[in-house]
2 protein chains.
Amino acid sequence: MVENMITGKDDIIRDEILQEAQKLFQQYGVKKTTMEDIAKAMGKGKSTLYYYYCSKEDIFDAVILKEMGEVFNSVKQAVEKATSAEDKLKAFSLTKIKLVQKRINLCKVVKGEMQDTMHCIKHLHAEYINQEVSLVKNILAFGVQNGEFHKSVGRELDMLPEVMVSSLRGLEQDLFVNARLAKLEPRLDTIMGILIRGLKNK
Amino acid sequence: MVENMITGKDDIIRDEILQEAQKLFQQYGVKKTTMEDIAKAMGKGKSTLYYYYCSKEDIFDAVILKEMGEVFNSVKQAVEKATSAEDKLKAFSLTKIKLVQKRINLCKVVKGEMQDTMHCIKHLHAEYINQEVSLVKNILAFGVQNGEFHKSVGRELDMLPEVMVSSLRGLEQDLFVNARLAKLEPRLDTIMGILIRGLKNK
DNA sequence: TTTGGACCGTAAAACGATTTTGGTCGAAAA
DNA sequence: TTTTCGACCAAAATCGTTTTACGGTCCAAA
């Protein structure tokens, strides 16, 4: 969606559909939530939903993209507030995990659940990774530019961001999937510390 | 199992059960393989299996532990052949991935599948991670000892090995779960290069 | 001690009937 | 013309019952 600001009345209704859908998906799960449920939650008829969205899956897709937008916007802000590339990387990782965890729908997508029921999961996954890689790439470029990272890092910006994202995902899996929430920050600190020393200019 | 060498006749039969079970699990999956199938594959009656093993799950457990033993024995040998800690880490990772991939049963366990059907999956998972962490810990200790890694690494040997294992798991997930087999070595080289530079003595 | 086929009990599968739900239609209301 | 809605359709899901499959046990034979 090109526009972020809600303008016309139809955008108001589109967003209200997403808000109600998000709540119901979060509370009952996607499967247990019917189009009738969503419509009734906003005091409208079921057909109204189909005037604004193509299908139930289309609504789900929009809900996840909205949650993703919220998360990555906040992550971007946290990254911008940090001054060193090192702190930016830490802000990126910590903020992302914390915000994703609060969004049960997005969290399920990130974990790889629901792949049988929602075809859009694949592209949502791809979009999520794309945003991650893009952010990490910017941070690494920033680190090279301000002399914090070795200039050889600049030559590896094709592969390095996604390798780092994959690597961090391993730690995140321990938290999301295996519910090991303890030691989140020390573990991230540990691997970040080594990665950053490995990237630094010396 | 304390003994590795097959000694008595009963060990011969126990191993034959595992070999046949392994083949059938690999070809048809655990669910589709019956105890009758395993018994018939070795020309014996079903009750015979229960003389040597407690249950179907007991057999499955033994098959996976056997495959795990094979993998980690070979990984240990590859690690021992390498002379520097750096090469040892690379050997550890590459050899492990290649060997696990060849064992469809173990591969499924590592991927986290079958958790509904086999209760022993949790402890098998724990055993697998334990072996990984143990190997990485030895390599890190070796690197500190020969001056290749900073001595501060020596103080972090409680958490660092498991954090590194989690981190590498992220790359492995891309390969195992998302079937991205291309770029395996360059991606490992990339993250290993940075990790090692971050660990090195300077 | 080892082996094996008959047997048991429970889970899974199959089946047909019924209900639910995603999505569409056409008319009414705004 | 745009937005809305309830009736309707077709297919999927659910339910209850029956049948089958299979893990595991038993007991006698080798």
Side-chain angles (χ1 to χ4, degrees), chain A residues 3 6-64 105 113-121, chain B residues 3 6-64 105 113-121:
Chain A
E3 292 186 14
I6 290 164
T7 49
K9 179 177 174 285
D10 55 347
D11 281 339
I12 290 170
I13 297 184
R14 291 176 71 89
D15 195 65
E16 190 186 344
I17 292 171
L18 295 192
Q19 284 184 32
E20 296 301 338
Q22 179 180 28
K23 282 183 206 161
L24 292 165
F25 288 159
Q26 187 156 307
Q27 187 172 353
Y28 303 111
V30 177
K31 238 178 174 174
K32 276 288 186 184
T33 301
T34 70
M35 293 293 268
E36 185 77 22
D37 290 337
I38 299 168
K40 276 183 170 159
M42 57 192 292
K44 289 189 180 288
K46 198 168 60 166
S47 301
T48 304
L49 304 186
Y50 289 95
Y51 184 76
Y52 295 97
Y53 290 94
C54 301
S55 60
K56 186 183 183 184
E57 178 151 346
D58 196 20
I59 291 173
F60 176 77
D61 191 283
V63 163
I64 298 301
N105 302 315
E113 292 175 18
M114 292 185 276
Q115 304 203 24
D116 309 328
T117 45
M118 289 288 163
H119 299 100
C120 57
I121 295 288
Chain B
E3 292 188 13
I6 289 164
T7 49
K9 180 174 171 285
D10 53 345
D11 282 339
I12 290 169
I13 297 181
R14 291 176 70 89
D15 196 65
E16 191 188 344
I17 292 171
L18 295 192
Q19 282 182 34
E20 296 301 336
Q22 179 179 27
K23 281 182 207 161
L24 292 165
F25 289 160
Q26 187 156 306
Q27 188 174 349
Y28 302 111
V30 176
K31 238 179 175 166
K32 278 286 183 183
T33 301
T34 70
M35 293 292 270
E36 187 76 23
D37 290 337
I38 300 169
K40 275 183 170 160
M42 56 191 295
K44 290 191 179 285
K46 201 169 55 168
S47 300
T48 303
L49 305 185
Y50 289 94
Y51 184 77
Y52 295 97
Y53 289 94
C54 301
S55 61
K56 186 182 182 185
E57 178 151 346
D58 197 20
I59 291 173
F60 176 76
D61 191 283
V63 163
I64 298 300
N105 302 315
E113 291 175 18
M114 292 185 278
Q115 305 204 22
D116 309 330
T117 45
M118 290 287 164
H119 299 99
C120 56
I121 296 286

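So you know, we letter chains A, B, ... as the sequences are listed, proteins then strands, and number each from 1.
One can place CG of D58(B) at 14 Å from P of dG23(D), the figure rounded to the nearest angstrom. One atom, CD of E36(A), and another, P of dG23(C), lie 14 Å apart when rounded to the nearest Å. Here dG24(D) presents its C1' atom at 15 Å from CD1 of I17(B), a figure rounded to the nearest Å. If you take CG of D37(A) and P of dT20(C), they are 13 Å apart, rounded to a whole angstrom. In this structure, the OH atom of Y28(A) is 17 Å from the C1' atom of dT21(C), given to the nearest Å. Following rounding to the nearest Å, K40(B) (NZ) and dT3(C) (P) show an atom-to-atom distance of 18 Å. Between the P atom of dA11(C) and the CE atom of M35(B) lies a distance of 18 Å, rounded to the nearest Å. Distance CG (D61(A)) to P (dG22(C)): 17 Å, rounded to an integer number of Å.
Nearest nucleotide to the side chain of I13(B), out of dT4(D), dG24(D), dT3(C): dT3(C). Among the nucleotides dT3(C), dT24(C), dG24(D), the one closest to any side-chain atom of K56(B) is dG24(D). The side chain of Y50(A) sits closest to dG23(C) out of dG23(D), dT4(D), dG23(C).
Counting only N and O atoms by type, the side chains of T34(A) and D37(A) include a donor and acceptor under 3.5 Å apart.
Across all strands, K46(A) comes closer than 4.0 Å to base atoms (heavy-atom distances).
Not one N or O on the side chain of T33(A) forms a donor-acceptor pair closer than 3.5 Å with the backbone of Y28(A).
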(message) One pair to check against side-chain contact (heavy atoms from CB on, under 4.5 Å): Q19(A) and V63(A). What are the steps and the verdict?
(response) CA-CA 8 Å; Q19(A) 284 184 32; V63(A) 163; over 6 Å; no

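Phosphate contact (OP1/OP2 of dG23(C), side-chain N/O of Y53(A), threshold under 4.0 Å): absent.
Remark: E36(B) engages K40(B) in a salt bridge (charged side-chain N to carboxylate O under 4.0 Å, His left out) (not counting sequence neighbours).
For the side chain to side chain contact (heavy atoms under 4.5 Å, CB included) with Y52(B), the qualifying choice from I13(B), I59(B), D58(B) is I13(B), the only one to do so.
Annotation: of the two residues near DNA chain D, K32(B) and T48(A), the 5′-most nearest-nucleotide partner is T48(A). Projected onto DNA chain C by closest heavy-atom contact, K31(B) and K44(B) fall at different nucleotides, the more 5' of which corresponds to K44(B).
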